[in-house]
Amino acid sequence: MIGKKYQTLGEFIIENQSEFQYSSGELSKLINALRLAAKAVNHEVNKAGLIDIIGAAGDTNIQGEDQQKLDVLANDTFIQTLKNREIVCGIASEEEDDFISINSNDAKHQNKYVVLIDPLDGSSNIDVNVSVGTIFSIYRRVTPIGTPVTLEDFLQPGSEQVAAGYIVYGTSTMLVYTTGHGVNGFTLNPAIGTFYLSHPNMEFPETGNIYSVNEGNYIHFPQGVKDYIKYCQLEEGDRPYTSRYIGSLVSDFHRNMIKGGIYMYPKSSKAANGKLRLLYECNPMAFLAEQANGKATDGFTRIMEIKPTELHERVPFFCGSKKMVEKAEEFMAAAAKK
Ligand code: AHG
Ligand code: MN
Ligand code: MN
C-alpha cells in the first residue's frame, strides 16, 4: 500500500487505483463520490446544535423545504450524490424499505457496483453532541450489467465486498476505508475541505483492555456472554478491563481499532438476533476489522461467511482485537455445550 506524507485522499485514490487488476477507474470514482457526500453530511452534522436556531430564523433550504432530520438528510445526500454521478447500478440503505435501482432499464449504463449504506449510525447521539458516523459497503453486482439490479445483487456474503468504510463525524471528521489492501484513515481539514492521509495501515492491536457492550441489557444476554463479561471484570493479569460504550458502532469500533478492544452486540432474550444489521453495519465493519488484523463473528461463525436472506437482517456481532474476540467465542462455545 502506497501512502505518502501529506497525501490527500484524492491523490491516494489515484495512486492506488493500479492495485485493482483490470481497473476501469469506476471504483475510484465511486469512492470519490462517497468522499463528496461525506463532506456535505459533515457540514450538516456540525451544525446540528444550531438547527433550532436556524429554524427560528425561518431558514429554509434552496428548494424552500424545512430543515430535515439529520438521518433523513444524510440518507438523501448519499443517495442523490451517487445517483447524480451515475456511478452505481443500485443502492440499499438502512433508511429505505427496499433497494433502489438506478437507470435500470437503460442498457447504456454499464455500472457494475452496488452500494449498501447506513447513512447515519448512532443517530440518537446527535442531540447530545456525541460522535456519529456513516458506514458503506460496496459489491460487484452478480446479475448481468445493463439489466435492472435484483435482490440477489445485494444479498451477497460479506466476503464478496470490494470495498467498505466509514466516516466518523467526531472531534475530527475521518474517512476510513479498505479495498482489501489494508485499512487507511484520512482526516478532514475543515478549513479547506480536504481529507489527508493521517492513519496509514491501521491495525487492531492483537489484544486490548477495552470492552464495549450495552451492559444495561446484561440480564437478557446468553450465558456465554455473561460469563465473558464477568471474565473482563475479574482482577487477574491485565484485568479488569475498561468498559467504554459510546452507542455509535462507528465510534466504538474506531476507538477500539486504535487502542485495542472488543465491541459486542449480542442476541438477547428481547432480540433474538441482536440489533445490528448484517448488510449495513456488520459486514462492512467485519471487512475493515479483518483487513486491520482484527476479527468479527456472530459468536460462532465468521460474519463475512453468513449468506444473507433479507436486506434488513440482523445478526449478533462480536468484533475487535483478535485475541479478545477469540476469548469471547471460547466462553460462548463452552456455555453452548452445557
Ligand atoms: P443506528 O443509529 O444506525 O440505528 O445504529 C445504532 C446502533 C449502533 O451504532 C450502536 O452501537 C447501537 O445501535 C446502540 O444500541 P443500544 O442503544 O441498544 O446499545
Ligand atoms: Mn447504525
Ligand atoms: Mn442509521
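Order of appearance sets the numbers: ligands from 1, and atoms from 1 within every ligand.
The residue from Glu95, Gln80, Glu96 that alone fulfils the side-chain hydrogen bond (donor to acceptor under 3.5 Å, both in side chains) condition with Asn75 is Glu96. If you run ring-ring contact (aromatic ring centres under 6.0 Å, His included) between Tyr166 and each of Phe253, Tyr177, Phe287, only Phe253 comes through.
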Pair Glu326-Lys295, salt bridge (Lys or Arg N to Asp or Glu O under 4.0 Å): steps then yes or no: CA-CA 8 Å; Glu326 280 164 3; Lys295 199 172 175 180; 3.6 Å; yes
Working for salt bridge (Lys or Arg N to Asp or Glu O under 4.0 Å), residues Lys112 and Glu26: CA-CA 8 Å; Lys112 57 178 174 290; Glu26 201 176 324; 2.9 Å; yes
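Close approach of ligand 1 to Ser123 (heavy-atom distance below 4.0 Å) involves ligand atoms 2 (O). The Ser248 neighbourhood of ligand 1 comprises atoms 9 (O), 11 (O), with distances under 4.0 Å to a heavy atom of that residue. In summary, the atoms of ligand 1 found under 4.0 Å from a heavy atom of Leu249, numbered by their order in the structure, are 8 (C), 9 (O), 10 (C), 11 (O). Contact atoms of ligand 1 toward Glu281: 3 (O), 5 (O) (distance under 4.0 Å to a heavy atom of the residue). Near Gly247, meaning under 4.0 Å from one of its heavy atoms, ligand 1 places the atoms 9 (O), 10 (C), 11 (O), 14 (C). Applying the 4.0 Å criterion to heavy atoms of Tyr245 picks out, from ligand 1, the atoms 11 (O), 12 (C), 14 (C), 15 (O), 16 (P), 19 (O). For ligand 1, the atoms closer than 4.0 angstrom to any heavy atom of Leu120 are 2 (O), 3 (O). For ligand 1, the atoms lying closer than 4.0 Å to a non-hydrogen atom of Gly122 are 1 (P), 2 (O), 3 (O), 5 (O), 6 (C), 9 (O).
Taking the charged nitrogens against the carboxylate oxygens, Glu236 and Arg239 do have a contact shorter than 4.0 Å, which makes a salt bridge.
For Asn184 (side chain) and Thr178 (main-chain N/O), no donor-acceptor pair under 3.5 Å exists by modelled atom type.
Between the Mn ion (ligand 2) and the N, O or S atoms of Asp121, the shortest distance is to OD1. Within Glu281, the N, O or S atom at minimum distance from the Mn ion (ligand 2) carries the name OE2. Nearest N, O or S atom of Asp118 to the Mn ion (ligand 2): atom OD2.
Of all protein heavy atoms, the one closest to atom 13 (O) of ligand 1 is Lys275 NZ, 2.9 Å. Nearest protein neighbour of atom 4 (O) of ligand 1, counting heavy atoms only, is Glu94 OE1, 3.9 Å. For atom 7 (C) of ligand 1, the closest heavy atom belonging to the protein is Leu276 CD2, 3.8 Å.
Under a cut-off of 6.0 angstrom, the local environment of CG in Asn129 is sparse, with at most 12 non-hydrogen atoms contributed by other residues, nucleotides or ligands.
Residues Phe154 and Phe99 bring their aromatic ring centres within 6.0 Å. Ring pair Tyr231/Phe331: centre-to-centre distance below 6.0 Å.
A cation-pi arrangement is found for Lys230 relative to Tyr218, the charged atom lying closer than 6.0 Å to the ring centre and inside a 45° cone about the ring normal.
Across the listed options Tyr263, Tyr280, Tyr265, Tyr263 owns the non-hydrogen atom lying nearest to atom 11 (O) of ligand 1. For atom 9 (O) of ligand 1, the choice among Asp121, Thr134, Ile126 with the nearest heavy atom turns out to be Asp121.
At a 4.0 Å heavy-atom cut-off, ligand 1 touches Asp118 through the side chain alone.
Some N or O of Asn214 is nearer than 3.5 Å to an N or O of ligand 1, by distance alone.
Separating the OG atom in Ser268 from the CG atom in Asn217 is a distance of 6.0 Å, to the nearest 0.5 Å.
With contacts defined as side-chain heavy-atom distances shorter than 4.5 Å, the pair Tyr245/Asp252 qualifies.
Annotation: angle subtended at the Mn ion (ligand 3) by Leu120 O and Glu94 OE1 is 180°, to 10°.
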